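These figures come from a predicted structure and were not determined experimentally.
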Amino acid sequence: MTKPILQIAAPKHGFRLDNESADLETYMRQVNGRADTYVFNAVDIDRLGYDLEKQLDDACIPSCRKLGITAVVRSAGPHKSRNTRQWSARGEGTEAHFRRYSEGWRLMHAKRVPVFGGQEQQCRVSIHRQDYDALQRRAVAQFTIATPAL
């Protein structure tokens with residue numbers, strides 16, 4: 001008789017990234033399975049949380065507007081150079097879903113996804129419409145429209 005594998009489900013409010021939790025590491029090992037090359041581990045998840053917070057700070061989004069922001073990060077695929085010894089056009093990666101709470105980012109859930117040769121790490125952050133409009137205004141504030149010379 002085989003022993004059932006203990007499945008760790010993501011908590012309802014996600015894994016906090018600011019505390020050292022063995023549960024997060026166990027959860028990521030469970031999600032990744034035997035894959036270890038193009039996947040995120042617990043250390044990568046902590047780094048991603050820091051990078052996401054830096055993106056929001058660089059975008060000048062105030063702390064009061066950060067609550068509820070979500071992000072989806074997909075790991076990079078194999079290098080597109082075929083000069084490597086074990087090159088493959090496809091691999092197994094990780095897609096991590098984050099949500100911003102008052103105390104910081106939390107990993108809501110993660111899953112395995114296919115990644116392809118030459119695919120860069122992808123990050124999509126969903127912000128509030130007001131912040132999006134403010135970013136657009138700041139991005140083009142220093143430019144003017146040139147009149148064509150006749």
Side-chain angles (χ1 to χ4, degrees), residues 1-140:
M1 187 168 166
T2 61
K3 292 173 85 174
I5 298 173
L6 179 63
Q7 294 284 329
I8 296 178
K12 180 180 178 184
H13 295 289
F15 291 100
R16 287 182 62 171
L17 302 184
D18 59 351
N19 61 352
E20 297 296 323
S21 172
D23 290 340
L24 173 61
E25 190 171 329
T26 306
Y27 176 72
M28 291 310 296
R29 269 189 272 146
Q30 174 184 306
V31 168
N32 295 332
R34 290 179 37 187
D36 63 350
T37 306
Y38 310 111
V39 295
F40 295 138
N41 58 28
V43 175
D44 294 328
I45 295 295
D46 287 337
R47 179 187 49 84
L48 289 172
Y50 175 79
D51 291 346
L52 289 169
E53 189 65 27
K54 188 171 180 339
Q55 278 185 352
L56 296 183
D57 290 341
D58 291 348
C60 300
I61 296 177
S63 297
C64 63
R65 305 276 309 152
K66 290 180 182 179
L67 296 178
I69 291 177
T70 60
V72 177
V73 184
R74 183 182 280 240
S75 60
H79 192 271
K80 64 180 172 182
S81 170
R82 294 178 187 229
N83 296 332
T84 58
R85 198 171 70 171
Q86 294 181 346
W87 185 85
S88 70
R90 185 178 180 277
E92 289 294 319
T94 308
E95 183 177 88
H97 295 254
F98 296 90
R99 180 177 293 274
R100 181 64 161 76
Y101 281 76
S102 60
E103 70 277 348
W105 287 95
R106 292 186 182 198
L107 175 68
M108 301 311 288
H109 70 277
K111 62 182 179 178
R112 283 177 69 166
V113 292
V115 290
F116 300 96
Q119 178 179 322
E120 299 292 325
Q121 179 175 309
Q122 300 168 349
C123 177
R124 296 192 55 90
V125 180
S126 299
I127 59 176
H128 302 287
R129 184 66 183 184
Q130 287 176 306
D131 298 323
Y132 181 80
D133 293 339
L135 279 170
Q136 282 184 319
R137 283 193 303 277
R138 279 195 302 269
V140 297

Expected output: side-chain Ser75 to main-chain Gly93 donor-acceptor under 3.5 Å: no
Worked verdict on Asp23 versus Arg16 for salt bridge (Lys or Arg N to Asp or Glu O under 4.0 Å): CA-CA 10 Å; Asp23 290 340; Arg16 287 182 62 171; over 6 Å; no
Flag side-chain contact, heavy atom, 4.5 Å: Leu17 against Leu24: yes
Exercise: identify the closest heavy-atom pair between Ser126 and Ile69: O-CG2, 3.2 Å
Minimum heavy-atom distance between Arg74 and Phe40, given as atom pair plus value: C-CZ, 4.0 Å
Within 6.0 Å of CD in Glu103, more than 12 heavy atoms from elsewhere: yes
Pair Glu53-Trp105, side chain to side chain contact (heavy atoms under 4.5 Å, CB included): steps then yes or no: CA-CA 8 Å; Glu53 189 65 27; Trp105 287 95; 3.1 Å; yes
Chi angles and distances behind the side chain to side chain contact (heavy atoms under 4.5 Å, CB included) call for Tyr27, Glu25: CA-CA 5 Å; Tyr27 176 72; Glu25 190 171 329; over 6 Å; no
Chi angles and distances behind the side chain to side chain contact (heavy atoms under 4.5 Å, CB included) call for Val31, Val39: CA-CA 9 Å; Val31 168; Val39 295; over 6 Å; no
Heavy-atom side-chain proximity of Asp44 to Met28 below 4.5 angstrom: no
Shortest non-hydrogen contact between Asp57 and Lys66, atoms and distance: OD1-NZ, 2.5 Å
NZ/NE/NH1/NH2 to OD/OE distance under 4.0 Å, Asp133 and Arg137: no
Side-chain ion pair, Glu92 and Arg34, N-O less than 4.0 Å: no
Give every donor-acceptor pair under 3.5 Å between a side-chain atom in residues 108-124 and any protein atom, sequence neighbours left out.
unit_1 : atom_1 : unit_2 : atom_2 : d
Arg112 : NH1    : Asn32  : O      : 2.9
Gln119 : OE1    : Phe116 : N      : 3.2

Min side-chain heavy-atom separation Val125-Gln55 under 4.5 Å: yes
Glu95 side chain reached by Val72 side chain, heavy atoms, under 4.5 Å: yes
Side-chain heavy atoms of Arg106 within contact of Arg99, under 4.5 Å: no
